[in-house]
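Written below as structure tokens is the structure these notes are about.
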Amino acid sequence: MDNQQVSAALAEVGTLMELLGENPFKVNAYVNASRTISQLTDEISSHVNKGTLGEIAGIGATLQEKITSLVKTGKLEFLEELRAKVPPGLVKMLAIQGLGPKKVKALYDLLQIDSLEKLKIACNENKVADLKGFGAKTQQKILEGIEFLGSVAGRVRLDEASSVANTLLNLLKDMKEVIRIELCGSLRRRKETVKDIDVLVSSKNPAPIMEKFVTASGVIQVLGHGETKSSIFVEALVNGSRIKMQADLRVVKDEEFPFALAYFTGSKEHNVAMRSRAIEYGLKLNEYGLTGEKKNIACKTEEDIYKALDLPYIAPELREDTGEINAALKGTLPTLVESKQIQGVFHNHTTYSDGANTLEEMANKAKSLGLKYLGFGDHSQSLTVANGLSPERVKKQIAEIDELNSKMKGFRIFKGIECDILADGSLDYDDEVLALFDYVVGSVHTHFQMPREEMTQRIIKAMNHPAITMLGHLTGRLVLRRDGYAVNQEAVLQEAVKTKTLIEINAHPMRLDLDWIHCKRAKELGVKLVINPDAHSTEDLEYYEYGVSVARRGWLEKDEIFNTLTTNEVEAYLSDRRKAFTKKK
DNA sequence: GCCGTTTTCGGCCCGACTGTTTTCAGTCG
Ligand SMILES: Nc1nc2c(ncn2[C@H]2C[C@H](O)[C@@H](COP(=O)(O)OP(=O)(O)OP(=O)(O)O)O2)c(=O)[nH]1
Ligand SMILES: [Mg+2]
Ligand SMILES: [Mg+2]
Ligand SMILES: [Zn+2]
């Protein structure tokens, strides 16, 4: 079993134990281990083999045993026993808004309800309202919740969620009652997918803000409407598709804003760690302040809060409880790469293949974004569905780039190609054609169904071709749409070190590939990365910002990102590599 | 189930909103 499978199994253990009414702290041990393993940079199997499982925080003797069983046999007897005790319908019932493990257990214990169908019937027969702790309103809400299940949205891509969030932000930000307003939660931490929109406002007069929020256009349902907190379910149109999301609004006093900002930014696990640290200091940390027995510790910024607990500021992207607090203590937090340090981007498409804009339009847009250089990467000849370039058209494009380069002042265009890595790991052009480019991005676009080991060898073979400069979208995954092909990312990253292949952080919000966890792994291994927007239009060029977010979540610094180099440095680097390639032939 | 400059038992983050209650449990953030 791999990390994600082990993580899923432990999460299921947690859910089933909860439904059996187990001790919540015990349940939390499983849930916590599940999360830790899902965010591990290295492979859980390597910990099993090396006997280092116990070194992972939150994994003790019992969990070591269970994880070892999962990794070695793919099975866990304890989980099988739990599954035998808890009907699967109970887990489905948990998805109903407002129904948690206690209520589901009560419904099962008292009315033998073990499916959505039976639950609906019981509600309609008015049996649920009579149970202790239930009532007419709860019964009605359950019925509505069952109907709502079909339209319940899962997670949403960061770019789409940002778009919905900005609509809400614009709705509120100019109200006279609003002093400060900020997007928080996973949006602020720049997670690749977002479950809901978390908005924080400071004000002396919350009521009108709450009112405006719950009556906003597109609100499908008001989930809660209180003095300091409201929740809604909204529908919005983003790029022609309907997006349904929850949104939460917290309103606090302005002097509480930094504490509320820290709280509402999360993550939950980071909050728990920070609050536990406050306890060690004899203090209490919540969304309103940092308080002791008699004293209140005034903080004007988040930085002040960290400082009060003897920690340096921790950037939102790092607040995932993946070691940031320990690193902060040791003074080994990274100085994260910033958007303004990106000098240019590679891997962009034009009308030569499947892009919407010309070379010149793309170059002008890049220049207007403040970039100093732009690299192209249209598709290669065998990718006919995307209008891949024949060697003749390659030469034509190169001539056009030469002309643009002589015309544009203070801006440099690099000649590149997104060259298909064919099924056998060979490249899609002869070496004579490959020698025409300043750089080559190697990407897999076909034959996704290969066995994992074959795919890994295919990519590794391509990385060993001296013409390859960088590897495009390593796994081919599409966020929330398609899993990547089976590939040993660890092996590819290790090979990248050996072959000095740059690994792309594909910044297209549909891809974000490498993901942030493997960025962290790449950092540990000493891999160099390059942030590319994979732009198919001028607007897409701005996607590199999403790649910067991934890099920051992966703890990456300026020096670890190739395209923070200046034009001259890039020029020198690429020309050296090209010389090595052409000399070899 | 995990963990330890309050160490091997007794804690484990803390609060808002709702609906059921008459003082609070459950769910969610
Ligand atoms: N202290 C504390 N804070 C929490 C807890 N649950 C949530 N929070 C805070 C931190 C979260 O980032 C923030 C928003 O909660 P969300 O459930 O919306 O999670 P978040 O935005 O992190 O991720 P998501 O919405 O799932 O993409 O509220 C909790 O149990 N304790
Ligand atoms: Mg959220
Ligand atoms: Mg939320
Ligand atoms: Zn591609």
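Note that the structure is a prediction, hence the values are computed from the model and not measured. Below, chain A is the first sequence line, B the second, and so on; all start at residue 1. Only heavy atoms go into these numbers, but all of them, side chains included; no hydrogens, no water, no symmetry mates.
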Study note, to complete from the structure: Quick note, side chain to side chain donor-acceptor pair (under 3.5 Å) partners involving residues 320-336 of chain A, not counting sequence neighbours, are A:Arg35-A:Asp321, A:Arg189-A:Glu320, A:His270-A:Glu324, A:Glu320-A:Arg553, A:Thr322-A:Lys520
Between [N] and [M], how many Å separate the two [atom1] atoms, rounded to a whole number?
N      : M      : atom1 : result
B:dT20 : B:dA25 : P     : 16 Å
B:dT5  : B:dG1  : C1'   : 24 Å
B:dC12 : B:dT6  : P     : 15 Å
B:dC3  : B:dT8  : C1'   : 9 Å
B:dT27 : B:dT21 : P     : 15 Å
B:dT18 : B:dT23 : C1'   : 15 Å
B:dC17 : B:dG11 : P     : 30 Å
B:dG10 : B:dG15 : C1'   : 24 Å

Check your understanding: Quick one: on DNA chain B, does A:Ile96 or A:Ile59 contact a more 5' nucleotide (nearest heavy atom)?
Key -> A:Ile59
Practice item. For A:Lys102 and for A:Lys268, locate the closest nucleotide of DNA chain B by heavy-atom distance; then report the residue assigned to the nucleotide nearer the 5' terminus. Key: A:Lys268
Atom [atom1] of [X] to atom [atom2] of [N]: distance rounded to whole Å?
X        : N      : atom1 : atom2 : result
A:Met93  : B:dT27 : CE    : P     : 11 Å
A:Glu269 : B:dG29 : CD    : P     : 14 Å
A:Leu290 : B:dC13 : CG    : P     : 16 Å
A:Ile279 : B:dG11 : CD1   : C1'   : 10 Å
A:Glu18  : B:dG26 : CD    : C1'   : 11 Å
A:Leu107 : B:dG26 : CG    : C1'   : 13 Å
A:Leu94  : B:dC28 : CG    : P     : 8 Å
A:Phe25  : B:dG1  : CZ    : P     : 14 Å

Closest to the [X] side chain, choosing from [options]:
X        : options               : answer
A:Tyr30  : B:dG29, B:dC13, B:dG1 : B:dG1
A:Ala29  : B:dG1, B:dT27, B:dG29 : B:dG1
A:Lys195 : B:dG1, B:dC13, B:dG29 : B:dG29
A:Val272 : B:dC13, B:dG29, B:dG1 : B:dC13

**Study point:** Side chains of A:Thr15 and A:Tyr30 in contact at under 4.5 Å (non-hydrogen atoms)
**Key:** no
Check your understanding: Do A:Leu261 and A:Arg188 have side chains that get closer than 4.5 Å, going by heavy atoms?
Key -> yes
Looking for any heavy atom pair under 4.0 Å, which part of the strands does [X] touch: base, sugar-phosphate only, or nothing?
X       : answer
A:Ala33 : nothing
A:Lys26 : base
A:Pro24 : nothing
A:Asn23 : base
A:Ala57 : sugar-phosphate

**Study point:** Residue matched to B:dT8 through Watson-Crick or wobble contacts both under 3.5 angstrom
**Key:** none
Check your understanding: Can you check whether A:Asn166's main-chain N or O pairs, donor with acceptor, with A:Asn170's side chain at less than 3.5 Å?
Key -> yes
Check your understanding: Any cation-pi pair here, A:Lys307 with A:Tyr313, using under 6.0 Å and within 45°?
Key -> no
Review point. Is A:Lys244 positioned over the aromatic face of A:Phe233, cation under 6.0 angstrom from the ring centre and no more than 45 degrees off axis?
Key: no
At less than 4.0 Å, is any side-chain N or O atom of [X] found next to OP1 or OP2 of [N]? Yes or no.
X        : N      : result
A:Asn271 : B:dC13 : no
A:Lys284 : B:dG15 : yes
A:Ser231 : B:dC28 : no
A:Gln64  : B:dG1  : no

Review point. Measuring from A:Cys184:SG to A:Tyr263:OH, what's the distance to the nearest 0.5 Å?
Key: 10.0 Å
Study note, to complete from the structure: Each nucleotide of nucleotides 16-21 of chain B classed B (base within 4.0 Å of a protein heavy atom), S (only sugar-phosphate) or -, in 5' to 3' order, makes SSSSS-
**Study point:** salt_bridge(A:Lys204, A:Glu177) N-O dist < 4.0 Å
**Key:** no
Point to revise | side chain to side chain contact (heavy atoms under 4.5 Å, CB included) between A:Ile44 and A:Ile67, worked out | key: CA-CA 9 Å; A:Ile44 190 76; A:Ile67 293 166; 3.8 Å; yes
Point to revise | A:Gln5 atom CD: more than 12 heavy-atom contacts under 6.0 Å | key: yes
